[in-house]
Amino acid sequence: MSTSGQHQFRYTQTPSKVLHLRNLPWECIEEELVELCKPFGKIVNTRCNVGANHNQAFVEFADLNQAINMATYFASSSEPAQVRGKTVYIQYSNRHEVVNNKGPGDVPGNVLLATIEGVEAGDVSIDVIHLVFSAFGFVHKVATFEKAAGFQALIQFSDVETASAARESLDGRSIPRQSLSPFYLWKYLLPDHVSSCNLRISYSAHRDLSIKFQSHRSRDYTNPYLPVNPSAIEGFVQPAVGPDGKIKEPESNVLLASIENMQYVVTVDVLHTVFSAFGTVQKIAIFEKNGGTQALIQYPDITTAAVAKDAIEGHCIYDGGYCKLHLSYSRHTDLNVKAFSDKSRDYTIPNSTVWQNSQTASMFPGNGFSGGGAGPTWYPNTQAGRPPFVSGPSTFPGQTYSQSSVPAYAAAADFSVMQPGQISGASQPPRQHNMGPGGASHPGQPPYNG
DNA sequence: AGCACA
């Protein structure tokens, strides 16, 4: 002690919340440092493998007193600090913060930067990106763009934790060619010519993306009132003006859906699922007209209706061309429907407990995607001739192959998103407000409740 | 065993 005191005397150390550690085992890892240091306080940063021998490190504590605690403890302890049996020498660093080896893309934030490798910008739609990332939590905004690195997207989550979970699970993975969603709309995620589609994900320095328009390049799922950029929508799904220059119908917050080739029963629940992908559905009414089935779907605003209309128009609810949807704007602006019947719903009436349970969580098309490629793919025409939805909500197809709870993306080679019906939330009101397609929540994260 | 720079 007196000798070491003399050494200390030669190298006068002013206390710092950064400690310098030396004589560490070669290529000591962060976890080993943390193990050694965390009893003394909160570690905010580390830097390992410093020096020619890779046997030095820096540890930064949140508080100076924590560093002092550690330094003085080992200075007077008969048991030296050790890592893997090697004595570690600890002093105050002559620096006051750790600058670590993390690049800018490694600094956690709530916005992710995804580079989608091996695709052209037009190959992966913003809806697919939204679907994939929504498995981890509510996606606030998405912006896509092309850079030298390729096709990229910024995905904004509520918080760092959600973004980190998504990054951990998705970085280096591929977007699967098709999901197992029974909803044809979300079944084929990639065009045929795309052979692989790797995701490289880092953190963006952005905290809040500025989205000017809802378009095929950018979406703000928190703001249904954001105007749709007509030029950006153009060529995305359906131009609003026909080739014959026909005057487009006046927009409305209520959509009229005609269901063509309705080989299977289309229930209010099914429509709610499909249309909720674009925003809050307020009311639905199903009726017969001219021997066909039609439905009115009411959104709170025109913008949401416009986005939904453009995205869904001409798509089929089921694979095989079944239940093809044709959409137009209704002249209605506020439907007068029964709160709960087999042909209508008013979701704006709170606490309609009769149907609430079936509405919560189990109604997202994105949830159908799963199983690491191993789960059964659901086709309406393989259900032993039985129409899929006749028995009501409990036979929602996503639940027909529900398995035990699996963490999202647990499978080795493919996507594995939790199954519908596994999100607990029987007490959640049906307010999957502004959820995009596949607005599934990660386990432990309740659906967004605006 | 004695302070990094990406």
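Atoms considered below: every heavy atom in the structure, side chains included; atoms not considered: hydrogens, waters and symmetry mates. Here is the naming used below: chain letters follow the sequence lines, and residue numbers restart at 1 for every chain.
Here B:dG2 presents its C1' atom at 16 Å from OH of A:Y92, a figure rounded to the nearest Å. Distance A:K17 NZ to B:dC3 P: 21 Å, rounded to the nearest Å. Computed from coordinates, the A:H54 NE2 to B:dC3 C1' distance equals 14 Å when rounded to whole Å. Atom CZ in A:F74 sits roughly 17 Å away from atom C1' in B:dA1 (whole-Å rounding). Following rounding to the nearest Å, A:L21 (CG) and B:dG2 (C1') show an atom-to-atom distance of 12 Å. A straight line from CZ of A:R95 to P of B:dG2 spans 17 Å, rounded to a whole angstrom. Atom CD of A:Q13 is separated from atom P of B:dC3 by 10 Å (rounded to the nearest Å). Straight-line distance from the CZ atom of A:F58 to the C1' atom of B:dC5: 11 Å, rounded to whole Å.
Between the side-chain ring of A:Y89 and the base of B:dG2, no stacking contact exists by the 5.5 Å and 30° definition.
Side chain of A:K17 to main chain of A:H96: a donor-acceptor pair is present (N/O by atom type, distance under 3.5 Å, no hydrogens or angles).
Within 4.0 Å (heavy atoms only), A:N94 reaches at least one base atom of the nucleic acid. No engagement by A:V18 is indicated, since no non-hydrogen atom pair under 4.0 Å with the nucleic acid exists.
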Let me see the working for A:T303 and A:N253 under side-chain contact (heavy atoms from CB on, under 4.5 Å), right down to the final yes or no. CA-CA 7 Å; A:T303 304; A:N253 62 312; over 6 Å; no

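The aromatic rings of A:H54 and A:W26 sit parallel, their planes meeting at an angle under 30°, below the 60° perpendicular limit.
In this structure the side chain of A:F278 never reaches within 4.5 angstrom of the side chain of A:Y221, judged on heavy atoms.
Distance from the side chain of A:R22 is smallest for B:dG2 among the nucleotides B:dG2, B:dC3, B:dC5.
With DNA chain B read from its 5' end, the first of the two nearest nucleotides for A:N23 and A:H96 is the one closest to A:N23.
Side-chain nitrogen and oxygen atoms of A:Q56 include none within less than 4.0 Å of the OP1 or OP2 phosphate oxygen of B:dA1.
With no hydrogens or angles considered, a side-chain donor-acceptor pair links A:N110 and A:R207 at under 3.5 Å.
Counting heavy-atom neighbours within 6.0 Å of A:E35 CD, excluding the residue itself, gives a total of 12 or less.
Of the residues in residues 35-52 of chain A, A:R47, A:V50 come within less than 4.0 Å of DNA chain B through at least one heavy atom, sorted by number.
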For residues 41-51 of chain A, tabulate all N or O donor-acceptor pairs below 3.5 Å that involve a side-chain atom, not counting sequence neighbours.
residue : atom : partner : partner atom : Å
A:N45   : OD1  : A:N100  : ND2          : 2.5
A:T46   : OG1  : A:E30   : OE2          : 2.8
A:N49   : OD1  : A:C28   : N            : 3.3

